[in-house]
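Worksheet: one structure, shown below.
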Amino acid sequence: MSEDFQSDQDFALGPDDFPSPEEYQLHCLRHSTSHIMAAAVQQIFPDARFGIGPPIKNGFYYDMQLPRPLTPEDLTEIELRMREIVKEGREFQQQTWNKDKALEFFGSHSQNFKLELINGIPGETVSTYSIGDFTDLCAGPHVRRTSQCKHFKLTSIAGAYWRGSERNPMLQRIYGTVWPTKDELEEHLHNLEEARKRDHRRVGRELELFMTHEWSPGAPFWLPKGTTLYHTLQEKLRRLLSRNGYLEVKAPLLGSHNLFRTSGHWDHYKENMFIVEDEDGADFGLKPMNCPMHMLIFGSKRRSYRELPLRLAEQSPLHRNERAGALAGLTRVRQFQQDDAHIFITEDQIGEEVTRLVGLLKRIYTAFGMPYRYVLSTRNEEKFMGDIPLWERAERLLAEGLEANGLEYTIAKGDAAFYGPKIDQMVQDSLKREHQLGTIQLDFQLPRQFNLSYVNAENSESIPVVIHRALYGSFERFIGILIEHYAGAFPLWLAPVQAKVLSISEKTVDYAREVYDRLIEADLRVELDARDDKIGAKIRDSQLEKVPYMLIVGAKEAEARAVAVRSREKGDEGASPLDDVIARIRQEADFNY
RNA sequence: GCCGGUGUAGCAUAGAGGUAAUGCGACUGACUUGUAAUCAGUAGACCGGGGGUUCGAUUCCCUCCACCGGCUCCA
């Protein structure tokens with residue numbers, strides 16, 4: 001360990017708490033830069049009251065209460081002063097104070113948030129760090145001196161509630177990023193710019209996949225090309241599911257309050273539901289989830305253990321009244337469709353069903369070239385229903401289901417919902433960002449609330465276990481992630497337009513039209529560009545539209561009944577007979593999970 | 001919901017207390033084109049909605065709406 005890092009003291013966090021020395025050093029660097037920022041802010045606003053300023057992924061933030069809202073110009077000013085502090089090379093000096101001294105010190109500086117923190121810290125003493133005249137309550141660790149924090153940039157200003165609670169005052173938060181070297185900082189800023197360029201909202205508009213309108217906030221309008229994408233994902237999934245024992249259903253969108261009272265949504269989820277009244281004033285709700293409806297389907301007749309596992313899949317629209325400030329693009333919407341399913345099983349079938357599910361996830365996500373990992377969420381000691389032995393058995397079965405497939409996973413202790421443990425699938429996209437997509441949730445409660453049972457082999461009644469599961473998550477969010485993963489350049493089987501026929505001149509339009517018709521007959525998604533324009537311009541437009549294949553036809557091709565193929569990735573591939581090209585594209589487009 | 005920001009033609013941007021400009025796109029015409037932008041012309045904006053200040057507001061103020069960045073990754 002380098003002596004640039006304060007690993008030699010008795011800190012709350014030491015090098016051993018991190019997976020690697022690099023991460024430990026980054027932690028120190030980011031935490032330290034956060035202090036430098038606070039010191040700079042204090043120079044400008046002597047009355048600033050500080051909250052917390054932790055290191056985070058890629059950087060740091062600091063929450064503070066200031067006499068006025070910050071502007072972007074303030075960030076520039078703060079950065080300037082930070083650079084001075086960095087240049088001065090002030091030393092990070094640690095001191096251990098007893099609490100009385102700390103309370104007196106921070107009290108005399110009106111740092112009431114710090115007082116609250118001190119009172120929440122166990123033990124008799126607290127740790128502080130000073131750089132020059134700026135002293136902060138902090139467990140550390142830090143770098144040795146401020147001169148080590150050269151390569152930073154302040155990135156944004158945001159509002160944040162003190163301790164994340166809406167009942168607390170709103171503080172101002174400044175986010176920043178910092179790296180050990182200039183190159184790494186520049187690379188990070190470059191990555192941010194790249195991410196901005198492939199933002200699904202931007203690409204979705206440019207490629208005419210979807211639109212939004214202020215008269216339907218939180219509900220995307222799927223344009224023709226986006227609808228093709230949506231349907232393709234639905235159909236590929238349907239095929240996979242029907243081959244794996246799923247039965248698709250379509251339950252109503254609207255349900256009586258009686259349904260949602262029974263499911264518990266009326267008591268626990270009503271503020272997120274859209275409620276409508278019929279002419280007599282009876283309350284109905286738009287379903288926020290499919291599960292209550294599927295319970296009714298299961299309960300609609302006497303069920304036998306021979307029917308289990310009963311796998312009911314549904315892709316219907318769901319509505320959730322998300323808070324206005326939480327809406328964003330396709331990732332946080334009010335109307336969406338999950339690739340939902342509820343699997344009714346006996347307790348004995350849990351392990352095998354998990355195996356089947358991770359098998360399905362594997363097929364799907366290898367198709368997209370996205371690596372992933374699993375997280376098992378276990379019982380929360382404070383909020384859970386049902387008996388503990390059943391929970392423990394179920395958690396073990398989930399774990400075994402993963403292990404039996406040679407899958408590594410981490411455990412999120414206490415993160416389960418009250419009704420049962422779950423496995424979440426964390427998927428990495430091409431920009432190495434993680435998204436929670438697939439989920440496998442056990443539920444011991446809902447079948448009981450709906451009084452569900454089946455006749456077991458001993459001819460008595462048993463209560464089924466339910467698995468709620470999604471593979472894509474929601475189509476909306478999944479498409480948003482795919483757009484960014486591929487930057488709009490979808491694989492052939494998924495591309496809204498698979499090929500575009502480009503005519504070189506007016507003289508070859510008839511043949512171009514013929515080529516177009518042949519591709520249509522071959523069930524390919526194809527467009528014809530017969531404008532009176534130069535071939536270069538048509539190629540450029542197709543390339544910007546990210547069409548996988550351009551089929552260029554001029555006099556030579558018409559003569560030979562051929563097309564010149566230009567692929568999105570490889571460029572000009574020369575001419576081939578039309579029949580061969582159709583066969584080739586057809587074969588490549590023929591894809592299933 | 002809360003904090004901050006933004007809202008000008010389909011898109012990207014400019015502008016200023018006296019009703020708006022540029023590029024791309026669209027449309028029309030000419031060119032008939034061989035692998036990432038042919039040329040010329042035309043049309044297109046109640047400057048997000050409502051209210052106020054003012055002789056006059058798109059510009060300043062208030063309010064509503066939408067969008068964007070956030071709202072524990074816990075000293």
Side-chain angles (χ1 to χ4, degrees), chain A residues 11-13 27 30-31 34-35 50-63 65-66 68-72 74 102 106 111 113-122 126-129 136-141 155-175 196 199 201-202 205-206 208 211-218 271 321-329 502-509 531-545 550-557 564-568 571-575:
Chain A
F11 299 115
L13 287 176
H27 179 96
R30 288 173 176 158
H31 198 172
S34 164
H35 277 235
F50 294 97
I52 59 167
I56 54 172
K57 197 178 172 199
N58 296 330
F60 58 89
Y61 68 77
Y62 215 119
D63 287 345
Q65 197 170 50
L66 301 173
R68 63 166 175 83
L70 289 168
T71 64
D74 290 325
F106 288 106
Q111 293 293 344
F113 299 114
K114 295 294 177 187
L115 296 182
E116 201 178 318
L117 292 172
I118 294 166
N119 287 322
I121 295 171
V126 297
S127 160
T128 64
Y129 274 86
D136 199 0
L137 175 73
C138 181
T155 48
S156 61
I157 310 166
Y161 296 104
W162 168 237
R163 303 202 138 178
S165 168
E166 295 179 21
R167 289 185 301 277
N168 290 337
M170 173 78 62
L171 308 181
Q172 298 192 68
R173 173 175 296 180
I174 306 176
Y175 282 94
R196 203 180 64 79
D199 185 305
R201 290 165 292 200
R202 172 183 176 141
R205 182 177 52 240
E206 287 169 353
E208 298 187 9
M211 56 171 256
T212 55
H213 195 280
E214 64 172 304
W215 289 352
S216 270
E271 60 281 12
N321 197 355
E322 301 287 351
R323 319 161 99 196
L327 300 177
L502 312 183
S503 57
I504 285 181
S505 84
E506 226 170 50
K507 293 171 187 146
T508 52
V509 167
R531 292 173 301 172
D532 295 344
D533 220 330
K534 295 177 77 165
I535 194 64
K538 296 186 188 185
I539 287 167
R540 181 182 150 82
D541 288 346
S542 291
Q543 194 70 39
L544 293 175
E545 288 163 24
M550 291 166 241
L551 305 180
I552 298 167
V553 297
K556 280 185 289 187
E557 287 77 16
V565 176
R566 186 187 167 96
S567 86
R568 180 180 62 196
D572 190 359
E573 294 184 19

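Source: prediction; values computed, not measured. Chain naming here is simple, since letters A, B, ... match the order of the sequence lines and numbering starts at 1 in each.
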Those residues at least two apart in sequence (or on a different chain) that pass side-chain contact (heavy atoms from CB on, under 4.5 Å) with A:R540 are A:L544
Given the C1' atoms of B:G7 and B:A40, what is the spacing between them in whole Å?
35 Å
If I pick the P atom on B:G23 and the same atom on B:U6, what distance separates them, to the nearest angstrom?
27 Å
Residue pair A:D541 / A:R531, side-chain heavy-atom distance below 4.5 Å:
yes
Quantified in whole Å, what is the P atom distance between nucleotide B:G41 and nucleotide B:U8?
28 Å
Rounded to the nearest angstrom, tell me the gap between atom CZ in A:F60 and atom C1' in B:C74.
17 Å
First locate atom OG1 of A:T155, then atom CG of A:N58, and finally report the distance between them rounded to the nearest 0.5 Å.
9.5 Å
Identify all side-chain donor-acceptor contacts of residues 321-328 of chain A below 3.5 Å with residues at least two apart in sequence or on another chain.
| from | atom 1 | to | atom 2 | distance (Å) |
| --- | --- | --- | --- | --- |
| A:E322 | OE1 | A:R332 | NE | 3.3 |
| A:E322 | OE1 | A:R332 | NH2 | 3.0 |
| A:R323 | NH1 | A:E166 | OE2 | 3.0 |
| A:R323 | NH2 | A:E166 | OE1 | 3.0 |
| A:R323 | NH2 | A:E166 | OE2 | 2.3 |

Tell me the interatomic distance from A:D63, atom CG, to B:G4, atom C1', rounded to whole angstroms.
14 Å
Taking only the P atom of each, what is the distance from B:A57 to B:C61 in whole angstrom?
16 Å
For A:T508 and A:A555, the nearest pair of non-hydrogen atoms, with its separation, is CG2-N, 3.3 Å
Length of the line joining A:I121:CD1 and B:C74:C1', which is rounded to integer Å
11 Å
Sugar-phosphate means primed atoms, P, OP1 and OP2; the rest is base. With that split, encode nucleotides 63-72 of chain B 5' to 3' as B, S or - using protein heavy atoms under 4.0 Å.
--SSSSBBBB
Per the side-chain contact (heavy atoms from CB on, under 4.5 Å) rule, which among A:Y62, A:Y61, A:F60 passes with A:Y175?
A:Y61
Where along nucleotides 25-39 of chain B does protein come under 4.0 Å, by heavy atom, of base (B) or sugar-phosphate alone (S), with - for untouched nucleotides?
------BBBBBBBB-
CD/A:E208: more than 12 non-hydrogen atoms of other groups inside 6.0 Å:
no
Enumerate all atom pairs, one protein N or O and one N or O from nucleotides 43-45 of chain B, separated by less than 3.5 Å.
none

Counting Watson-Crick and G-U wobble pairs with both distances under 3.5 Å, what is the dot-bracket string for RNA chain B, 5' to 3', using [ ] for crossing pairs and | for pairs to another strand?
(((((((..((((....[..)))).(((((.......))))).....(((((..]....))))))))))))....
Give me the distance, rounded to whole Å, that separates B:G56 from B:U72 when you measure between the P atoms they each carry.
48 Å
Report yes if the side chains of A:L137 and A:F113 come closer than 4.5 Å at any heavy-atom pair, otherwise no.
no
In whole Å, what separates the C1' atom of B:U13 from that of B:G18?
24 Å
Side chains of A:L551 and A:V565 in contact at under 4.5 Å (non-hydrogen atoms):
yes
Please tell me if the side chains of A:Y161 and A:D63 come closer than 4.5 Å, counting only heavy atoms from C-beta onward.
no
Between OG of A:S542 and CZ of A:R568, what distance do you get to the nearest 0.5 Å?
11.5 Å
Taking atom P in both B:A21 and B:A9, what distance in whole Å separates the two?
14 Å
Provide, to the nearest angstrom, the distance between the CG atom belonging to A:L137 and the C1' atom belonging to B:C74.
13 Å
Can you tell me if the side-chain N/O atoms of A:R202 get under 4.0 Å from OP1 or OP2 in B:A12?
no
Quick one: does A:Q172's side chain have a donor or acceptor within less than 3.5 Å of a partner on A:I157's backbone?
no
Whole-Å distance separating the CD atom of A:Q172 from the C1' atom of B:C2:
13 Å
Separation of the C1' atoms in B:G49 and B:C11, to the nearest angstrom
23 Å
What I'd like to find out is whether the side chain of A:D74 reaches to under 4.5 Å of the side chain of A:R68, using heavy atoms alone.
yes
Output the distance between atom CD (A:Q111) and atom CZ (A:F50), rounded to the nearest 0.5 Å.
6.0 Å
